[in-house]
Amino acid sequence: MPSVQHPASSLQPLVLFGGTFDPVHRAHISAARAVSKVLGGAPVHLLPNAVPPHKPQPMADGEQRLAMLRLACQDYPELVVDDWELRQSGPSYSLNTLRHFRQQYSGRPLVFMIGADSFANLHHWHRWQDYTTLCHLAVVPRPDCELAADQVQAAFPESDAAQLMQHPSGLRLMLKRPFLDVSATAIRESLEQKGDCPELDPAVSAHIRRHHLYNATTLTPSTNHEAP
Ligand code: ATP
């Protein structure tokens, strides 16, 4: 009897995208869709963190950040909003998240996607060396980022999507696009000064105004339509 072949879909990669998402913006969504596309439509789990270990506490609480993510992802079935990190206590170390998903999906390619700024800092992350046995990396370019440390680049050899899909972990995919100069920090500033920002999904903008998040300036209809 020939051995039973697993259907190709059983090896479809699972992509994990952690972040503060305070708020989720256009670059997050473009990057997640690009990684999914290059990996054959793989699902991408967007995981807002509870207590970011590497940056200040978010301005919006977990429920609000989840709500904004759900609005921004609603038209993209490949994007899955996942509250796993919000339900854990203590600092949201990606290592714990990766271990959890690795346990759930043994043998399946697991891809941790990060922006080039996070990649450049990876050598400061808690037990980053352990990531090589847990996941691949997919690195999304971002303007004005340093290169990652040599030991990080060496630990994750650069490869292509086809190779990533054949191994559970340990390789690195470098995307060329999207390349967007967008950050949540600049968006929060713009909300405070102008009450809106073009880098936000309109449904997310409306949610921010409705819930008075980020000290967003309230523009009256007349100021909104004033000639420059
Ligand atoms: P902040 O400005 O508050 O630091 P951010 O815009 O960097 O926020 P995060 O939620 O902290 O957004 O980022 C989550 C992940 O998304 C990180 O891996 C980050 O590198 C990546 N990311 C954020 N913005 C971009 C971008 N413009 N291009 C590529 N990756 C990005």
Side-chain angles (χ1 to χ4, degrees), residues 15-38 44-73 76 79-86 91-95 97-98 110-126 128 131 135-149 152 156 172-193 197-201 204-205 208 213-216:
V15 184
L16 304 177
F17 189 18
T20 314
F21 302 114
D22 189 30
V24 58
H25 53 64
R26 184 167 71 95
H28 293 135
I29 299 299
S30 306
R33 294 185 66 208
V35 171
S36 172
K37 190 170 177 196
V38 79
V44 179
H45 284 228
L46 293 96
L47 296 128
N49 48 31
V51 182
H54 306 288
K55 54 202 280 193
Q57 264 309 105
M59 273 183 86
D61 67 26
E63 282 307 314
Q64 293 292 3
R65 288 179 289 128
L66 262 185
M68 292 186 279
L69 273 165
R70 289 191 181 117
L71 289 168
C73 295
Y76 310 112
L79 306 186
V80 179
V81 180
D82 190 325
D83 66 355
W84 190 83
E85 288 195 356
L86 286 172
S92 304
Y93 289 117
S94 302
L95 184 68
T97 310
L98 290 167
L110 208 56
V111 180
F112 184 57
M113 65 171 280
I114 51 177
D117 56 316
S118 304
F119 185 49
N121 278 311
L122 198 64
H123 59 293
H124 294 305
W125 289 26
H126 181 55
W128 68 267
Y131 288 31
C135 64
H136 299 298
L137 293 182
V139 181
V140 183
R142 197 172 181 178
D144 306 321
C145 290
E146 310 264 315
L147 285 178
V152 173
F156 284 94
R172 167 167 52 101
L173 184 65
M174 301 296 289
L175 277 85
K176 298 209 164 37
R177 281 184 301 274
F179 184 63
L180 296 171
D181 190 9
V182 179
S183 78
T185 304
I187 289 173
R188 292 192 297 273
E189 282 167 15
S190 171
L191 285 167
E192 196 158 346
Q193 286 158 19
C197 178
E199 314 294 4
L200 291 171
D201 182 292
V204 173
S205 281
I208 288 171
L213 304 179
Y214 306 112
N215 303 319

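Remember, it's 1-based here, ligands and their atoms both numbered in the order they're listed. Quick caveat, the model's predicted, so the values are computed rather than measured.
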Student: Quick check on contacts: which atoms of ligand 1 are under 4.0 angstrom from a heavy atom of Thr185?
Tutor: 1 (P), 2 (O), 3 (O), 4 (O)
Student: Counting heavy atoms only, which part of Pro141 comes closer than 4.0 Å to ligand 1: side chain, backbone, both or neither?
Tutor: backbone
Student: Give the ring-plane orientation class for Phe21 versus Phe17, where under 30° counts as parallel, over 60° as perpendicular and anything between as tilted.
Tutor: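 Ring orientation, 0 to 90° scale: perpendicular.
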Student: Pick one of side chain, backbone, both or neither for how Phe179 approaches ligand 1, counting any non-hydrogen atom pair under 4.0 Å.
Tutor: neither
Student: Checking a contact table here: which protein heavy atom is nearest atom 9 (P) of ligand 1, and how many Å away?
Tutor: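 Minimum-distance protein heavy atom for atom 9 (P) of ligand 1 reads His28 NE2, 3.6 Å.
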Student: Ligand 1 versus Ala184, non-hydrogen atoms closer than 4.0 Å: side chain, backbone, both, neither?
Tutor: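 Contact part for Ala184 vs ligand 1: both backbone and side chain.
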Student: Identify, for atom 17 (C) of ligand 1, the protein heavy atom at the shortest distance, and state residue, atom and that distance.
Tutor: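 Protein heavy atom with the smallest distance to atom 17 (C) of ligand 1: Ser118 OG, 3.5 Å.
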Student: Among Phe17, Phe119, Phe21, which one has a heavy atom closest to atom 15 (C) of ligand 1?
Tutor: Phe17
Student: Dump the intermediate steps for side chain to side chain contact (heavy atoms under 4.5 Å, CB included) on Met59 and Leu213, then the final yes or no.
Tutor: CA-CA 8 Å; Met59 273 183 86; Leu213 304 179; over 6 Å; no
Student: Looking at Gly18, which atoms of ligand 1 are within less than 4.0 Å of one of its heavy atoms?
Tutor: 14 (C), 15 (C)
Student: To the nearest 0.1 Å, how far is atom 7 (O) of ligand 1 from its closest protein heavy atom, and which atom is that?
Tutor: Arg142 NH1, 3.0 Å
Student: Closest non-hydrogen protein atom to atom 20 (O) of ligand 1, residue and atom name please, with distance?
Tutor: Asp117 OD1, 2.5 Å
Student: Quick one, Arg65 with Leu86, criterion side chain to side chain contact (heavy atoms under 4.5 Å, CB included). Give me CA distance, side-chain angles, the key distance, then yes/no.
Tutor: CA-CA 10 Å; Arg65 288 179 289 128; Leu86 286 172; 4.0 Å; yes
Student: Should Leu180 and Ser30 count as side-chain neighbours, where that means a heavy-atom distance under 4.5 Å?
Tutor: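 The answer is yes, as the side chains (C-beta and beyond) meet within the 4.5 Å cut-off.
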Student: With heavy-atom distances below 4.5 Å as the criterion, would you say the side chains of Cys145 and Phe119 are in contact?
Tutor: no
Student: Is there a side-chain contact between Pro178 and Arg33, using heavy atoms and a 4.5 Å cut-off?
Tutor: no
Student: Using a 4.0 Å cutoff against the non-hydrogen atoms of Val182, which atoms of ligand 1 qualify?
Tutor: 24 (N), 26 (C), 27 (N)
Student: I'd like to check which ligand 1 atoms, numbered from 1 as shown, lie under 4.0 Å from a non-hydrogen atom of Gly19.
Tutor: 10 (O), 14 (C)
Student: When you measure from atom 11 (O) of ligand 1 to each heavy atom in Arg188, His25, Lys55, Met113, which option holds the nearest one?
Tutor: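 Residue with the shortest heavy-atom distance to the ligand atom: Lys55.
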Student: Taking all non-hydrogen atoms of both residues into account, name the closest pair between Val35 and Ala138 and its distance.
Tutor: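 In this case the closest contact between Val35 and Ala138 is CG1-CB, 4.2 Å.
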Student: Minimum heavy-atom separation for Leu191 to Leu200, with atom names?
Tutor: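 Leu191 and Leu200 have their closest heavy atoms at CD2-CD1, 4.1 Å.
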Student: According to the interplanar angle, ranging from 0 to 90°, do the rings of Tyr93 and His126 count as parallel (below 30°), tilted (30 to 60°) or perpendicular (above 60°)?
Tutor: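 Tilted.
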Student: Restricting to non-hydrogen atoms, name the atom on Pro141 and the atom on Phe179 that form the minimum distance, rounded to 0.1 Å.
Tutor: CB-CD1, 3.7 Å
Student: Under a 4.0 angstrom heavy-atom cut-off, which atoms of ligand 1 come close to Ala27?
Tutor: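 The atoms of ligand 1 under 4.0 Å from a heavy atom of Ala27 are 26 (C), 27 (N).
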Student: For the 3.5 Å polar cut-off, considering only N or O atoms, please tell me whether Val140 and ligand 1 meet it.
Tutor: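 Looking only at distances, the answer is no, because the N/O contact criterion of under 3.5 Å is not met.
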Student: Does any non-hydrogen side-chain atom of Leu47 lie less than 4.5 Å from one of Thr97?
Tutor: yes
Student: Considering only non-hydrogen protein atoms, determine which one is nearest to atom 30 (N) of ligand 1 and report residue, atom name and distance to 0.1 Å.
Tutor: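 Its nearest protein heavy-atom neighbour is Gly115 CA, 3.5 Å.
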Student: Taking N or O atoms only and a 3.5 Å limit, does Leu180 qualify as a polar contact for ligand 1?
Tutor: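 By distance alone, the answer is yes.
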Student: Short list, please: which atoms of ligand 1 are under 4.0 Å from a heavy atom of Ile114?
Tutor: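 So the answer, numbered in order with elements, is 18 (O).
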